[in-house]
Amino acid sequence: MTMAQTSFADDDRVYSIQVVNEFSHDPSAFTQFWPSLSESSFDYALTEGLLYEGNNTLFESTGLNGHSSVRKVNLQTAEIEALHKMNDSEFGEGLTLLGDRLYQLTWMQKTGFIYDKHNLSKFETFSHNMDDGWGFATDGKVLFGSDGSSSLYQIDPQTMKVIAEKVIRFNDHEVHNLNELEYINNEVWANIWLSDCIVRISPTDGNVTGWIVLPELRLADQIFYIFSFFRKGLIEAGYNIDVLNGIAWDADNKRIFG
């Protein structure tokens with residue numbers, strides 16, 4: 001997708017998107033949902049973290065107890081080239097790449113894992129002092145983390161300790177539900193959980209520099225999943241599948257994947 005500026009409520013900080021290409025994706029790992037029934041009856045993982053390394057390579061973190069994984073995916077073919085299945089008790093969350101190391105958060109455990117990007121072998125477990133683990137990103141020096149609140153954390157990748165915390169504000173109001181993160185052109189972009197919005201954040205002062213609204217993308221996802229999973233009983237099971245999640249940035253070609 002690419003981004004095109006649009007006018008909305010007389011605010012020039014609000015943008016729309018233009019979808020310029022679509023790629024196949026493993027249908028057993030899809031955006032995110034808000035369950036009204038027990039997750040134990042659900043057989044599919046949720047895309048919780050997404051990043052683009054280059055050379056048609058995506059890394060993806062999927063979450064759901066019993067179905068969580070880290071995977072390396074070919075963008076053009078959707079082939080899963082490597083996969084690390086997590087323990088059944090672990091719910092995979094945000095994912096980012098710094099050097100040759102993939103850093104992954106987990107939900108409701110205040111722990112995470114570091115993997116070798118080449119073969120997804122896990123060689124370190126870490127703890128952090130955010131309230132929870134939701135989104136992860138990096139500027140190549142520090143890690144940025146979110147925990148579903150209005151706080152954006154900066155984390156030292158050597159110690160995995162929070163070294164700074166910014167409360168994100170727009171017009172003096174806190175912006176809550178910060179979810180998946182991506183670092184793009186000196187800004188941190190964040191999905192807003194349970195919304196059609198991505199918020200653009202200045203990491204230096206925590207102020208919002210813009211909003212991206214994506215209702216068309218959500219509608220396309222709904223249509224696809226309704227038809228793809230109807231026979232699996234997804235709708236009958238009471239699942240709402242309209243939560244957008246996942247941002248990946250191709251810096252070389254100026255492309256955004258979501």
Legend entry - Verdict with reasoning, Phe59 to Tyr52, per side-chain contact (heavy atoms from CB on, under 4.5 Å): CA-CA 6 Å; Phe59 287 103; Tyr52 182 77; over 6 Å; no
Hey, what do you get for [atom1] ([X]) to [atom2] ([Y]), rounding to the nearest 0.5 Å?
X: Leu58; Y: Leu50; atom1: CG; atom2: CG; answer: 5.5 Å
X: Met86; Y: Phe113; atom1: CE; atom2: CZ; answer: 5.0 Å
X: Leu214; Y: Cys197; atom1: CG; atom2: SG; answer: 7.5 Å
X: Ile168; Y: Leu152; atom1: CD1; atom2: CG; answer: 4.5 Å

Inset, instruction - List the steps and the verdict of side-chain contact (heavy atoms from CB on, under 4.5 Å) for Val208 and Arg169. - result: CA-CA 6 Å; Val208 171; Arg169 300 180 185 275; over 6 Å; no
Inset, instruction - Sequence neighbours left out, what passes side chain to side chain contact (heavy atoms under 4.5 Å, CB included) with Lys110? Give chain and number order. - result: His128
Going by distance alone, is a donor N or O of one side chain under 3.5 Å from an acceptor N or O of the other, for [X] and [Y]?
X: Ser61; Y: Gln104; result: yes
X: Thr96; Y: Thr138; result: no
X: Thr62; Y: Ser69; result: yes

Inset, instruction - Report the residues that fulfil salt bridge (Lys or Arg N to Asp or Glu O under 4.0 Å) with Asp250, sequence neighbours left out, ordered by chain and then residue number. - result: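 Residues passing salt bridge (Lys or Arg N to Asp or Glu O under 4.0 Å) with Asp250: Arg255.
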Legend entry - Residues in salt bridge (Lys or Arg N to Asp or Glu O under 4.0 Å) contact with Glu165, at least two apart in sequence or another chain: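 For Glu165, no residue satisfies salt bridge (Lys or Arg N to Asp or Glu O under 4.0 Å) once neighbours in sequence are set aside.
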Inset, instruction - Please list, chain by chain and in numerical order, all residues satisfying side chain to side chain donor-acceptor pair (under 3.5 Å) with Asn119, sequence neighbours excluded. - result: Ser121
Legend entry - Audit row: Ile247, Ile198, side-chain contact (heavy atoms from CB on, under 4.5 Å) steps and yes/no: CA-CA 9 Å; Ile247 311 168; Ile198 291 174; 3.9 Å; yes
Does [X] reach the main-chain N or O of [Y] with its side chain, forming a donor-acceptor pair under 3.5 Å?
X: Thr209; Y: Arg200; answer: yes
X: Asn65; Y: Ser89; answer: yes
X: Gln109; Y: Thr106; answer: no

Could you give the side-chain donor-acceptor pairs of residues 77-85 under 3.5 Å, partners two or more places apart or in another chain?
from	atom 1	to	atom 2	distance (Å)
Thr77	OG1	Asn74	OD1	3.3
Thr77	OG1	Glu79	N	3.2
Glu81	OE2	Asn74	ND2	3.3
Lys85	NZ	Gly66	O	3.3
Lys85	NZ	Asp88	OD1	3.2

Legend entry - Axial cation check for Phe170 ring with Arg13, 6.0 Å and 45° limits: no
Legend entry - Contact summary for Pro203 and Tyr183, nearest pair of heavy atoms: CG-CE1, 4.4 Å
Legend entry - Carboxylate-amine/guanidinium proximity below 4.0 Å for Lys72 and Glu53: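 Looking at Lys72 and Glu53, the cut-off is not met.
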Legend entry - Pair Lys117 + Asp100, salt bridge at N-O below 4.0 Å: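 Yes, Lys117 and Asp100 are salt-bridged.
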Inset, instruction - Give a yes or no on whether the ring-centroid distance for Trp249 and Trp189 is below 6.0 angstrom. - result: no
Inset, instruction - Could you work out the complete set of other residues in the hydrophobic cluster of Met130, with links drawn between I, L, V, M, F, W and Y side chains under 4.5 Å apart? - result: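 Taking Ile, Leu, Val, Met, Phe, Trp and Tyr as members, Met130 shares its hydrophobic cluster with Leu98, Tyr103, Leu105, Ile114, Phe123, Phe126, Phe136, Leu143, Tyr153, Ile155, Met160, Val162.
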Legend entry - Pair Leu181-Trp134, side-chain contact (heavy atoms from CB on, under 4.5 Å): steps then yes or no: CA-CA 9 Å; Leu181 305 176; Trp134 284 40; over 6 Å; no
Legend entry - Name of the residue among Asn179, Asp131, Leu178 meeting side-chain contact (heavy atoms from CB on, under 4.5 Å) with Asp147: Asp131
